[in-house]
Amino acid sequence: MLDKFIYENHLGQRFSGLENGVYLNYSDIRDYSWAHETINSRISRFYRAVTARKLPLVVCGASEAEAVAAKNRLLELAEADIEALLPGRVYVGEYYTTGWITASAKKKYLMSKRLCEITLTLTSDDPAWYREQTHVFLPDSDEASGIGGGTDYPYDYAYDYALSLKGRQIMCDAVGSSAFRLLIYGEAVKPSVVINGHVYAVNGTVRRGETLLIDSMNKTITLTTAAGGKINWFDKRGRESYIFRPIAPGQNTVTWLGAFGFDLTVIEKRSEPKWT
């Protein structure tokens, strides 16, 4: 059975193979290996080396025009990543891996414009797989009413807003520690969130209509103003505890004062996507 193929470039532009008559054949996309170094004939560390994985695609468009458009669109999205030197993503279920499409080999394209076999090469300097799980925490006034009354969020959510007061348990289903993104909505004065007793704090005021993003993977802290401007707030980080400390696997207790709302996105990491 052919797998679904989804590619998303660094601009967020997505190519969904299922919608374009493109499927993923047997491939090595799920395969992985660890490189290692030795000292005195003993393994001293493991690390992920640059990998080149093959993605054999089958193009079977409903019409010639659809197949031609799909092939052109895929190239355009992939080349945007090459030009920007920023990786795209390949999705398998809830998981994605990152990299650049650095080669494309074709065959059987002379039989019909509707048909083609394409083998892409995905080159990655981080070949791990990631899954993002977002947990939404509403401010006290909204949590109490249960309807999110009056808070103007900058985009609509597809998440289930379970009621909570000033804390709850979240599960991090990962083997090791996970990176995270913490998105705080104003108004919030010197906002801080405590996860398993560790404080993530910023010494500043996030005004109404603004958002503050703490990104542990990229080690950045960015305020987005109501007008859409971006301001580096790295120097406003709390110095008493490390603000980019990863989230531990298993159950985690999240608490805060409840005066502001935030999203906590846990970025789980695996060597291969979970089989389902």
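If you read the sequence from its start, that first residue is 1, and numbering goes on from there. Just so we're clear, the structure is a prediction, and the values are computed from it rather than from any experiment.
Nearest heavy-atom pair across Ser177 and Ala248 is OG-CA, 4.3 Å. Nearest heavy atoms, Cys172 versus Ser178: SG-OG, 3.3 Å. Heavy-atom minimum distance, Phe180 versus Ile243: CZ-O, 3.3 Å. Contact detail for Gly238 and Asn203: the closest heavy-atom pair is CA-ND2, 4.1 Å.
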_Derivation of the ring-ring contact (aromatic ring centres under 6.0 Å, His included) call for Tyr7 and Phe15_ = CA-CA 5 Å; Tyr7 180 79; Phe15 181 93; 8.2 Å; no

*Would Ser104 and Lys106 satisfy side chain to side chain donor-acceptor pair (under 3.5 Å), going step by step from the backbone distance to the final call?*
CA-CA 7 Å; Ser104 175; Lys106 292 90 173 174; 2.9 Å; yes

_CA sep, side-chain torsions, deciding dist, call: Arg208, Glu210, side chain to side chain contact (heavy atoms under 4.5 Å, CB included)_ = CA-CA 5 Å; Arg208 186 173 297 276; Glu210 297 181 336; over 6 Å; no

*Assess whether side chain to side chain contact (heavy atoms under 4.5 Å, CB included) is satisfied between Trp233 and Val206, documenting all intermediate values.*
CA-CA 11 Å; Trp233 267 30; Val206 184; 4.2 Å; yes

*Would you check, one step at a time, whether the test side chain to side chain contact (heavy atoms under 4.5 Å, CB included) holds for Glu94 with Glu132?*
CA-CA 8 Å; Glu94 295 180 304; Glu132 300 186 4; over 6 Å; no

*Please step through side chain to side chain contact (heavy atoms under 4.5 Å, CB included) for the pair Leu223 and Thr211, ending with a clear verdict.*
CA-CA 6 Å; Leu223 178 78; Thr211 60; over 6 Å; no

*Test salt bridge (Lys or Arg N to Asp or Glu O under 4.0 Å) applied to Glu37 and Arg45, step by step*: CA-CA 6 Å; Glu37 292 181 351; Arg45 78 178 184 104; 3.1 Å; yes

*Can you list the steps and then say if Asp125 with Arg48 is a salt bridge (Lys or Arg N to Asp or Glu O under 4.0 Å)?*
CA-CA 8 Å; Asp125 53 15; Arg48 300 181 191 274; over 6 Å; no

*Walk me through it: do Tyr47 and Trp34 pass the test ring-ring contact (aromatic ring centres under 6.0 Å, His included)?*
CA-CA 6 Å; Tyr47 65 95; Trp34 286 92; 8.7 Å; no

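Take Glu240 and apply the salt bridge (Lys or Arg N to Asp or Glu O under 4.0 Å) test, not counting sequence neighbours, and it matches no residue.
When the options Asn25, Leu24, Asp31 are evaluated for a side chain to side chain contact (heavy atoms under 4.5 Å, CB included) with Ser27, the one that passes is Leu24. Checked options Thr225, Thr224, Thr222; the residue passing with Lys230 is Thr224 (criterion: side chain to side chain donor-acceptor pair (under 3.5 Å)). For the side chain to side chain contact (heavy atoms under 4.5 Å, CB included) test with Thr265, the passing option among Leu213, Thr134, Leu183 is Thr134; the others fail.
Looking at Val266 and Ile170, their side chains come closer than 4.5 Å, going by heavy atoms from C-beta outward. Contact of the Pro127 side chain with the Arg53 side chain is registered, since non-hydrogen atoms from C-beta on lie closer than 4.5 Å. The shortest side-chain heavy-atom distance between Phe260 and Asp140 does not fall under the 4.5 Å cut-off. Between Thr121 and Lys54, some side-chain heavy-atom pair lies under the 4.5 Å cut-off. Between Val254 and Phe262 the shortest side-chain heavy-atom distance falls below 4.5 Å. Residues Ser124 and Leu122 have side chains in contact (heavy-atom distance under 4.5 Å, counting atoms from C-beta outward). Put simply, the side chain of Val194 does not reach to within 4.5 Å of the side chain of Trp256, judged on heavy atoms. Between Phe244 and Ile221 there is a side-chain heavy-atom pair separated by less than 4.5 Å.
Between His198 and Tyr200, the two ring planes are perpendicular [angle over 60°; tilted spans 30° to 60°].
Under the 4.5 Å side-chain heavy-atom criterion for Ile, Leu, Val, Met, Phe, Trp and Tyr, Leu74 and Leu11 are members of distinct hydrophobic clusters. If you chain together hydrophobic residues whose side chains sit under 4.5 Å apart, Tyr130 and Leu182 never meet in one group. Val92 and Ile6 fall into different hydrophobic clusters, defined by Ile, Leu, Val, Met, Phe, Trp and Tyr side-chain heavy atoms under 4.5 Å apart, directly or through other members. With hydrophobic clusters built from ILVMFWY side chains whose heavy atoms lie under 4.5 angstrom apart, Val202 does not share a cluster with Val199. Val90 and Trp100 are not part of a single hydrophobic cluster, where members link through side-chain heavy atoms under 4.5 Å apart.
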Which donor-acceptor pairs under 3.5 Å do side chains of residues 56-67 form with protein atoms, sequence neighbours excluded?
residue : atom : partner : partner atom : Å
Ser63   : OG   : Glu66   : N            : 3.1
Glu66   : OE2  : Ala62   : N            : 2.8

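A distance-only check finds a donor-acceptor pair linking the side chain of Asp215 to the backbone of Met217 [under 3.5 Å]. Although no hydrogens or angles enter the test, the distance criterion places a donor-acceptor pair under 3.5 Å between the side chain of Arg237 and the main chain of Phe234.
Taking CG of Asp126 as the start and OG1 of Thr98 as the end, the distance is 4.5 Å to the nearest 0.5 Å. Separating the NZ atom in Lys190 from the CG atom in Leu257 is a distance of 12.5 Å, to the nearest 0.5 Å. In this structure, CD1 in Ile118 is found 12.0 Å from NZ in Lys107, a value given to the nearest 0.5 Å. Taking CG of Leu212 as the reference point, atom CZ of Arg207 lies at 12.5 Å (rounded to 0.5 Å). Of the inter-residue distances, the one linking Arg239 atom CZ with Asp235 atom CG reads 6.0 Å to the nearest 0.5 angstrom. Of the inter-residue distances, the one linking Ile101 atom CD1 with Leu55 atom CG reads 7.0 Å to the nearest 0.5 angstrom.
Membership of the apolar cluster around Tyr109 extends to Leu110, as traced through chained side-chain contacts below 4.5 Å between ILVMFWY residues.
Residues Thr276 and Lys274 bring no donor and acceptor atom of their side chains to less than 3.5 Å of each other. When only modelled atom types and interatomic distance are considered, Tyr32 and Asp28 share no side-chain donor-acceptor pair under 3.5 Å. No side-chain N or O of Asp81 forms a donor-acceptor pair with one of Asn9 less than 3.5 Å apart.
Salt-bridge formation is not detected for the pair Asp263/Arg181: no Lys NZ or Arg NE/NH1/NH2 atom is positioned less than 4.0 Å from an Asp or Glu carboxylate oxygen. A salt bridge is absent between Arg30 and Glu272; no separation between the charged side-chain nitrogens and carboxylate oxygens falls under 4.0 Å. Taking the charged nitrogens against the carboxylate oxygens, Glu268 and Arg131 do have a contact shorter than 4.0 Å, which makes a salt bridge.
Other residues, nucleotides and ligands contribute more than 12 heavy atoms inside 6.0 Å of the NZ atom of Lys219.
Two rings, from Tyr96 and Trp129, have their centers 6.0 Å or more apart.
Taking the ring centre of Tyr91 as origin, the terminal cationic atom of Arg14 falls inside the region bounded by 6.0 Å and 45° from the ring axis.
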